[in-house]
Amino acid sequence: QVQLVESGGGLVQPGGSLRLECTGSGFAFQHFNIGWFRQVPGKEREGISCIGYTGGFVHYADPAEGRFSISRDNVKNTAYLQMNRLKPDDTAVYYCATDIRAIRPDCTVVPGDFDTWGQGTQVTVSS
């Protein structure tokens with residue numbers, strides 16, 4: 001069974017940091033891109049960052065640029081999103097996703113380009 005599981009969310013004060021983890025199972029994790037997205041109620045899912053299967057290609061959307069860092073450890077079948085200088089506007093459910101339909105060295109943060117999603121982890125930034 002192809003599965004992604006996110007962890008690491010929680011409550012953090014403005015200016016704080018969190019590291020999200022995305023662990024894959026049931027597929028060859030090292031061969032596929034990973035994307036991070038977030039969603040708040042009533043809004044569309046927003047792309048945050050993605051990483052190619054080798055880790056050599058990364059992309060950040062504007063909300064993440066300069067504050068977030070994406071990485072992966074293919075031995076551990078885990079991808080990470082390090083989030084620093086968090087703001088209340090970062091409050092959302094964060095999802096990781098992969099696309100097992102194709103092997104590509106690059107990636108996008110377009111939700112339609114991913115076919116497998118985790119269940120999400122809540123991040124709340126509040127004082």
Side-chain angles (χ1 to χ4, degrees):
Q1 179 183 1
V2 177
Q3 192 173 19
L4 294 171
V5 178
E6 303 94 336
S7 61
L11 173 64
V12 63
Q13 292 187 343
S17 298
L18 281 175
R19 188 177 80 157
L20 304 184
E21 297 189 3
C22 170
T23 301
S25 60
F27 67 104
F29 182 89
Q30 70 273 21
H31 288 159
F32 299 101
N33 303 334
I34 295 293
W36 282 99
F37 301 81
R38 68 186 184 187
Q39 190 168 23
V40 298
K43 292 190 176 182
E44 293 186 354
R45 193 162 293 188
E46 176 183 34
I48 297 299
S49 182
C50 69
I51 186 166
Y53 70 87
T54 69
F57 180 93
V58 297
H59 173 70
Y60 298 97
D62 287 346
E65 192 71 55
R67 298 188 299 131
F68 296 179
S69 177
I70 192 170
S71 61
R72 66 189 296 161
D73 183 338
N74 286 340
V75 174
K76 296 181 178 179
N77 285 355
T78 300
Y80 306 94
L81 185 68
Q82 176 67 43
M83 304 188 296
N84 300 322
R85 303 201 307 277
L86 284 162
K87 309 172 184 178
D89 284 351
D90 295 318
T91 295
V93 177
Y94 283 72
Y95 300 88
C96 66
T98 190
D99 181 8
I100 63 172
R101 296 167 296 184
I103 297 175
R104 293 189 300 268
D106 59 355
C107 58
T108 75
V109 290
V110 176
D113 288 347
F114 294 81
D115 68 345
T116 301
W117 294 81
Q119 82 290 347
T121 185
Q122 176 70 47
V123 172
T124 302
V125 184
S126 175
S127 56

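What you are looking at is a predicted structure, and each value in this text was computed from that prediction instead of being measured.
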Just by distance, do the side chain of [X] and the backbone of [Y] share a donor-acceptor pair under 3.5 Å?
{"X": "Arg67", "Y": "Gln82", "result": "no"}
{"X": "Thr98", "Y": "Ile100", "result": "no"}
{"X": "Asp73", "Y": "Lys76", "result": "yes"}
{"X": "Arg104", "Y": "Asp99", "result": "no"}
{"X": "Ser127", "Y": "Gln13", "result": "no"}
{"X": "Ser49", "Y": "His59", "result": "yes"}

When you check the side-chain N and O atoms of [X] and [Y], is any donor under 3.5 Å from an acceptor?
{"X": "Tyr94", "Y": "Arg38", "value": "yes"}
{"X": "Ser17", "Y": "Asn84", "value": "yes"}
{"X": "Thr78", "Y": "Thr23", "value": "yes"}

Transitively linked via ILVMFWY side-chain contacts under 4.5 Å: [X] with [Y]?
{"X": "Val123", "Y": "Val93", "value": "no"}
{"X": "Leu4", "Y": "Tyr80", "value": "no"}
{"X": "Val109", "Y": "Leu81", "value": "no"}

Closest approach of Arg45 to Pro111 (non-hydrogen atoms, all atoms of both residues):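 Taking Arg45 first and Pro111 second, the nearest heavy atoms are O-CG, 4.0 Å.
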Disulfide bond (SG atoms under 2.5 Å apart) contacts touching residues 78-127 (sequence neighbours left out):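 Listed by first then second residue: Cys22-Cys96, Cys50-Cys107.
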Approximate separation, where rounding is to 0.5 Å, of Leu18 CG and Thr124 OG1: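 It comes to 9.5 Å.
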Gap between atom CD1 of Ile51 and atom CG of Asn33 - 0.5 Å precision: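 It is 9.0 Å, given to the nearest 0.5 Å.
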ring-ring contact (aromatic ring centres under 6.0 Å, His included) against Phe37, all qualifying residues, sequence neighbours excluded: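 Phe114, Trp117.
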